[in-house]
Amino acid sequence: MLSKILLVALAASPLAAAHGKIAVMTGDAGGNTTALGIQGAVVPGAGKNKVTEVDTTVFKSKAAATDGLGKASEGPNTMVGIDSVMEQSGCTLPQVSPGGSLSGTIHIVTTDGAGPYTAIVDPTATGQFSTGTKAEVTTQVPGKNGNNAAPKQRSLFRRTLVKIGIEKRASNVNEDYPIIMTIPADMKCTRTVGDKTGVCLVKIANPSGAGPFGGVVAMQMASASTAVLANDVSTASMGTTAKASKAYKATRGELVSAKFRASINFISPSS
């Protein structure tokens, strides 16, 4: 009888891979950016995998301190994509004060988008994360090895199916968790990208065996002048941001996804 139940559960269980992405990051001194490879509002926040995961970054290794910018369905991420990032998020990259932070919200849609997340800073902004510096994640996303139980998997029976490998994951988690990371106070960003000097890259990744998932974002250490400018830009865009966030949530609300989105402090792409 038990074998029949397990076979039925296997047939009904969702086995498709899940994905996640970093939509926007902000610095404690202002500024914002999307991750490399993100295509913006043309990609829906929820729906079938083949529709929602097209700009998701996947890394080669479960070890965060490994080189490379990851890849999405259109191919490897490169710094050429920084122009697209700027078009979506504005002209000011995240500005981080000495010892300051990057912060946001991880939206988990399926269970292999869970924590813990690791953040590595590459001061050369070339993707050399193996020689980068680990940023302390002070507010962490719950999970074990990149996985966590979805709401409908939290009964003893469903947890047992997951544990023995009959059920890989639920189709939907749809829960938000905050994440905050502290950038080392002595960080010196050295790369010039276009008209931006002193650029670092930060890799944010979970250890999921189905991925790993996450993304790479650019940032700068804030000077007094850039911090003032970034905060002026952020203040000017607050009204637009609220409207954009409301519209974003409305498009996501009633749909069911087979992926997770890491949506960090949503800022209007037009800001």
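Numbers here simply count residues along the sequence, with the first being 1.
- Side-chain polar atoms of T124 and T126 form a donor-acceptor pair below 3.5 angstrom.
- Looking only at distances, a side-chain donor or acceptor of K203 sits under 3.5 Å from a matching main-chain atom of A64.
- Between V96 and L102 the shortest side-chain heavy-atom distance falls below 4.5 Å.
- Taking a 6.0 Å sphere around NZ of K196, one finds it holds more than 12 heavy atoms contributed by other residues, nucleotides or ligands.
- N77 places a side-chain N or O within 3.5 Å of a backbone atom of L69 that can act as its donor or acceptor partner.
- With T33 contributing its side chain and M25 its backbone, the two residues share no donor-acceptor pair below 3.5 Å.
- Between the side chains of D67 and S130, a donor-acceptor pair is found at a separation under 3.5 Å.
- Contact annotation: the side chain of P94 never approaches that of Q220 to less than 4.5 Å [non-hydrogen atoms, C-beta and beyond].
- Note on I180 and Y177: separate hydrophobic clusters, where clusters join Ile, Leu, Val, Met, Phe, Trp and Tyr whose side-chain heavy atoms are under 4.5 Å apart, directly or indirectly.
- The backbone N or O of L93 sits less than 3.5 Å from a side-chain atom of Q95, completing a donor-acceptor pair.
- Under the 3.5 Å distance criterion, the side-chain polar atoms of Q140 are matched with a main-chain donor or acceptor of Y117.
- Side-chain contact check for N32 and T26: no donor-acceptor pair (N or O, by modelled atom type) lies under 3.5 Å.
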